[in-house]
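In what follows, a single structure is set out as structure tokens and then discussed.
Keep in mind it's a predicted model, so treat the numbers as computed, not measured. Lettering follows sequence order; numbering is per chain, from 1. Hydrogens, waters and symmetry mates play no part in the numbers below; they use all other heavy atoms, side chains included.
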Amino acid sequence: MSSAPVRVRFAPSPTGYLHVGGARTALFNWLFARRHNGVFILRIEDTDRTRYQEDALEDLMAMLRWLGLDWDEGPDVGGPYGPYFQSQRLHIYQEYAEKLVREGHAYYCYCSPERLEAMREEQRKRGEPPGYDRHCRYLTAKQRAEYEAQGIKPVIRLAVPLEGQTSFTDVIRGTITVDNSSLDDLILLKSDGYPTYHLANVIDDHLMRISHIMRADEWLPSVPKHVLLYQAFGWEPPVFAHLPVILDPSGQGKMSKRRQRVGDKEHYVLVREFKEAGYLPEAMFNFLTLVGWSLDDKTQIMPKEVAIQHFDLDRINKAPAAFSYEKLEWMNGYYIRQLSPDELAERLVPFLAKGLGMSEEEVRRRPETRLLAPLVQERIKVLSEAVEMMDFAFRERLDYPAESLIGEKMSAEASLEALKRARQVVAALEAFDAPAIEAALRPLVEELGVKARQLFGIIRIAITGKPVSPPLFESMAVLGKERCLRRLDEAIERLSRLVGQAG
RNA sequence: GGCGCAUUCGUCUAGCGGCCUAGGACAUCGCCCUCUCAAGGCGAAGAUCGGGGGUUCGAAUCCCCCAUGCGCUACCA
């Protein structure tokens with residue numbers, strides 16, 4: 001292993017929003033850098049002009065920051081090895097590619113996409129493995145001049161050795177050897193002057209002094225080509241570590257960049273979607289840490305510092321891992337419960353504002369936000385769930401069917417009676433805190449000869465409009481006596497009407 | 001088709017020759033707590049370690065073959 005200082009990079013292509021697979025790759029690199037007091041670099045591989053997406057870069061950086069993955073060198077922060085956009089390094093790739101041609105390691109290829117397509121079609125028909133037939137590898141100077149004269153813009157291809165083997169060692173996979181004869185003369189420089197991934201990646205990793213390459217498993221098959229490139233340049237390759245792919249929850253294939261539909265459930269795949277659904281960055285961080293890596297046989301919950309302290313390439317798993325939304329949800333709930341009530345309230349603000357149609361300032365100003373936060377804390381798994389548990393405290397009128405005011409296994413009349421008694425008791429209260437409210441209402445259970453769940457179920461509907469809510473007495477205390485009385489009156493009125501109709 | 005990688009409870013994993021009658025977590029189920037829903041506590045069930053051959057006194061752990069899955073096979077990354 002290299003003794004050079006640790007310099008790792010996350011090198012996404014801005015062709016879409018950051019997805020969990022990319023986030024995991026970034027996270028592992030970040031963890032490794034922090035663990036070894038190394039440098040974490042963000043490099044943008046924007047060499048595909050056809051798939052470039054305008055707002056992808058912004059999302060990428062915003063989501064990495066949201067997860068707490070800060071970079072030491074990169075597009076916006078600069079660094080000694082910039083620029084960090086590959087599109088701004090075109091001349092570098094061109095120079096190196098031409099150098100390879102001069103030295104006989106690469107050659108110009110004038111084949112048209114049509115010819116290549118036809119060739120592949122032929123190969124398919126004959127049942128041969130598809131691959132470039134190296135038509136241009138042996139062009140004479142005269143033939144080349146003719147193509148040039150026709151104005152054809154060539155690509156540059158690597159002249160892969162026809163014989164022998166190429167092997168490399170991946171710290172996670174071990175040593176892998178392939179026959180050179182199975183390798184294609186890959187394109188290094190496209191006809192538009194842009195490099196392909198392979199060329200740009202190898203050059204930049206070398207120029208930026210990258211010590212370890214940690215990236216997704218899908219790159220493993222192209223490593224031999226990269227090694228050949230390093231050899232052609234006379235460079236020492238970095239340490240390779242290919243991370244297991246993340247499978248979609250069905251375990252049937254890798255997570256695509258689009259949303260997944262598994263069974264009847266739709267699942268998120270973009271980091272942005274998780275954020276908007278109310279997942280905590282610290283939960284995402286912890287969870288992602290564990291997909292493909294483990295600290296030991298027991299640890300699930302792990303503060304960032306602990307992860308940094310223990311992160312190790314040795315413990316990265318080989319096998320692909322299915323993304324478990326259930327476990328993520330559980331973990332998110334756990335992290336929500338760890339928040340201080342005030343912190344939870346603050347994090348809830350944007351969700352409440354959006355869900356209730358209020359401004360964030362107003363939500364923040366309303367005392368209910370902070371008072372209710374601890375009551376929903378252990379009841380939600382994602383922040384967005386809090387809205388429907390808390391909205392009763394923000395709405396003036398509750399919307400619920402009068403029938404729901406009828407207690408479990410009770411008559412409408414008995415329910416109405418219960419409501420009226422509750423109203424009286426509440427009206428007589430001086431102090432209006434949860435214990436006082438409970439002390440006043442609880443005796444009604446016996447007096448009315450019902451079960452606690454029956455009585456409180458009725459009042460719960462009256463107060464919150466829902467059969468499921470935060471604890472009743474606490475909720476009432478948050479609302480305050482006046483509003484509670486109004487809601488009880490409203491409930492009595494609705495139920496009376498219902499009883500009247502029936503009678 | 002070719003090349004490559006992988007294969008332990010439903011899922012994520014621990015395991016690197018004896019500590020394994022395989023441990024933990026999520027999910028599931030049951031009980032307790034209880035004003036609903038949760039949270040929490042306790043407990044249960046769940047994997048003969050993909051299959052078959054070896055090696056060894058002894059294998060989930062080492063070797064070989066097979067099967068299955070996944071990835072790559074673009075002027076995409």
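Checking G10(B), A14(B), C72(B) against the side-chain heavy atoms of Arg315(A) singles out A14(B) as nearest. Nearest to the side chain of Glu326(A), among U36(B), A77(B), G10(B), sits G10(B). Side chain of Trp219(A), nearest nucleotide from A77(B), U36(B), C70(B): A77(B). Comparing A77(B), A74(B), A38(B) by their nearest atom to the side chain of Ile187(A) picks out A74(B). Of the listed nucleotides (U73(B), A25(B), A77(B)), A25(B) has the atom at the smallest distance from the side chain of Lys327(A). Between C35(B), U73(B), U13(B), one nucleotide has an atom nearer to the side chain of Pro130(A) than all others, and that is U73(B).
Across all strands, Tyr194(A) comes closer than 4.0 Å to no nucleic acid atom at all (heavy-atom distances). Using a 4.0 Å heavy-atom distance criterion, Thr47(A) is classed as a sugar-phosphate-only contact. At the heavy-atom level, Ser191(A) lies under 4.0 Å from base atoms of the strands shown. Using a 4.0 Å heavy-atom distance criterion, Gly174(A) is classed as making no nucleic acid contact. Among the protein residues, Pro471(A) comes within range of the nucleic acid bases, having at least one heavy atom under 4.0 Å from a base atom. Residue contacts shown for Gln300(A) include a base, since a base heavy atom lies under 4.0 Å away.
The pair Asp217(A)-Arg173(A) counts as a salt bridge, with a side-chain nitrogen and a carboxylate oxygen less than 4.0 angstrom apart. Look at Asp133(A) and Arg115(A) and you find a salt bridge, because one of the NZ, NE, NH1 or NH2 atoms lies within 4.0 Å of a carboxylate O, short of that distance. A salt bridge does not link Glu446(A) to Lys451(A): none of the charged side-chain nitrogens sits closer than 4.0 Å to a carboxylate oxygen. Between Asp48(A) and Arg51(A) a salt bridge is recorded (basic side-chain N to carboxylate O distance below 4.0 Å). We find that Glu417(A) and Lys420(A) are not joined by a salt bridge, their nearest charged nitrogen and carboxylate oxygen being 4.0 Å or further apart. At a threshold of 4.0 Å, the pair Glu122(A)-Arg126(A) counts as salt-bridged, since one of the basic side-chain nitrogens sits closer than that to a carboxylate oxygen.
Counting heavy-atom neighbours within 6.0 Å of Lys225(A) NZ, excluding the residue itself, gives a total above 12.
Looking at Ser324(A), its side chain has no donor and acceptor atom pair within 3.5 Å of the base of C26(B).
Following rounding to the nearest Å, Arg379(A) (CZ) and C35(B) (C1') show an atom-to-atom distance of 11 Å. Here G4(B) presents its P atom at 8 Å from CG of Asp179(A), a figure rounded to the nearest Å. At whole-Å resolution of the value, CG in Asn332(A) and P in C12(B) are 20 Å apart. The distance from atom CG of Leu243(A) to atom P of G4(B) is 22 Å, rounded to the nearest whole Å. Rounded to a whole Å, the CD atom of Gln86(A) is 13 Å from the P atom of C76(B). Here the C1' atom of nucleotide C12(B) and the CD atom of Glu329(A) are 15 Å apart, to the nearest Å. Leu183(A) has its CG atom 11 Å from the P atom of G4(B), to the nearest Å. The nearest whole Å value for the distance from the CG atom in Asp204(A) to the P atom in A77(B) is 13 Å.
Aromatic ring centroids of Trp219(A) and Tyr197(A) lie under 6.0 Å apart. Residues Phe28(A) and Phe10(A) keep their aromatic ring centres 6.0 Å or farther apart.
In this structure, Lys190(A) reaches the C76(B) phosphate: one of its side-chain N or O atoms is under 4.0 Å from OP1 or OP2. For the OP1/OP2 pair of U36(B) and a distance below 4.0 Å, the side-chain nitrogens and oxygens of Arg453(A) include at least one atom meeting the criterion.
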How would you summarise protein contacts on nucleotides 28-34 of chain B per nucleotide, using B for base, S for sugar-phosphate only and - for none, with heavy-atom distances below 4.0 Å?
-------

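The salt bridge (charged side-chain N to carboxylate O under 4.0 Å, His left out) test applied to Glu117(A) returns Arg120(A), Arg124(A), not counting sequence neighbours. With sequence neighbours excluded, no residue satisfies side chain to side chain donor-acceptor pair (under 3.5 Å) with Gln88(A). Scored by the salt bridge (charged side-chain N to carboxylate O under 4.0 Å, His left out) test, Arg337(A) finds no partners at all (sequence neighbours excluded). Residues passing the salt bridge (charged side-chain N to carboxylate O under 4.0 Å, His left out) test with Glu343(A), sequence neighbours excluded: Arg347(A). Partners of Lys466(A) under the salt bridge (charged side-chain N to carboxylate O under 4.0 Å, His left out) rule, at least two apart in sequence or in another chain, are Asp391(A).
The CZ atom of Arg137(A) lies 4.5 Å from the CG atom of Asp185(A); values are rounded to the nearest 0.5 Å.
To the nearest whole angstrom, the two P atoms, one in G69(B) and one in C63(B), are 24 Å apart. A distance of about 32 Å separates the P atoms of G71(B) and G53(B), rounded to the whole Å. Here the separation of C32(B) from U48(B), taken at their P atoms, is 33 Å to the nearest Å. On the P atoms, G50(B) is 6 Å away from U8(B), given to the nearest whole Å. Between U21(B) and A59(B), the two C1' atoms lie 16 Å apart (nearest whole Å).
Sequence neighbours left out, the pairs with a member in residues 401-410 of chain A that pass salt bridge (Lys or Arg N to Asp or Glu O under 4.0 Å) are Glu408(A)-Arg453(A). The salt bridge (Lys or Arg N to Asp or Glu O under 4.0 Å) analysis of residues 192-204 of chain A, with sequence neighbours excluded, yields the pairs Arg43(A)-Asp204(A), Arg49(A)-Asp192(A), Arg89(A)-Asp204(A).
Without hydrogens or angle criteria, Arg379(A) side chain to Leu375(A) main chain gives a donor-acceptor distance under 3.5 Å.
In this structure, Arg144(A) is not positioned above the aromatic face of Tyr108(A) in the sense of NZ or CZ being under 6.0 Å from the six-membered ring centre and within 45° of the axis.
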Between protein and nucleic acid, restricted to nucleotides 40-48 of chain B and to nitrogen or oxygen atoms under 3.5 Å apart, what atom pairs and distances do you find?
residue	atom	partner	partner atom	Å
G40(B)	OP1	Arg337(A)	NH1	3.2

Between protein and nucleotides 20-23 of chain B, what N or O pairs are separated by less than 3.5 Å?
residue	atom	partner	partner atom	Å
G23(B)	N2	Asp297(A)	O	2.9

Mind listing the N/O atom pairs, protein and nucleotides 5-9 of chain B, below 3.5 Å?
residue	atom	partner	partner atom	Å
C5(B)	O2'	Arg173(A)	NH1	2.7

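Annotation: proximity of residues 113-126 of chain A to RNA chain B (heavy atom, distance under 4.0 Å) is found for Pro113(A), Leu116(A), Arg120(A), numbered in ascending order.
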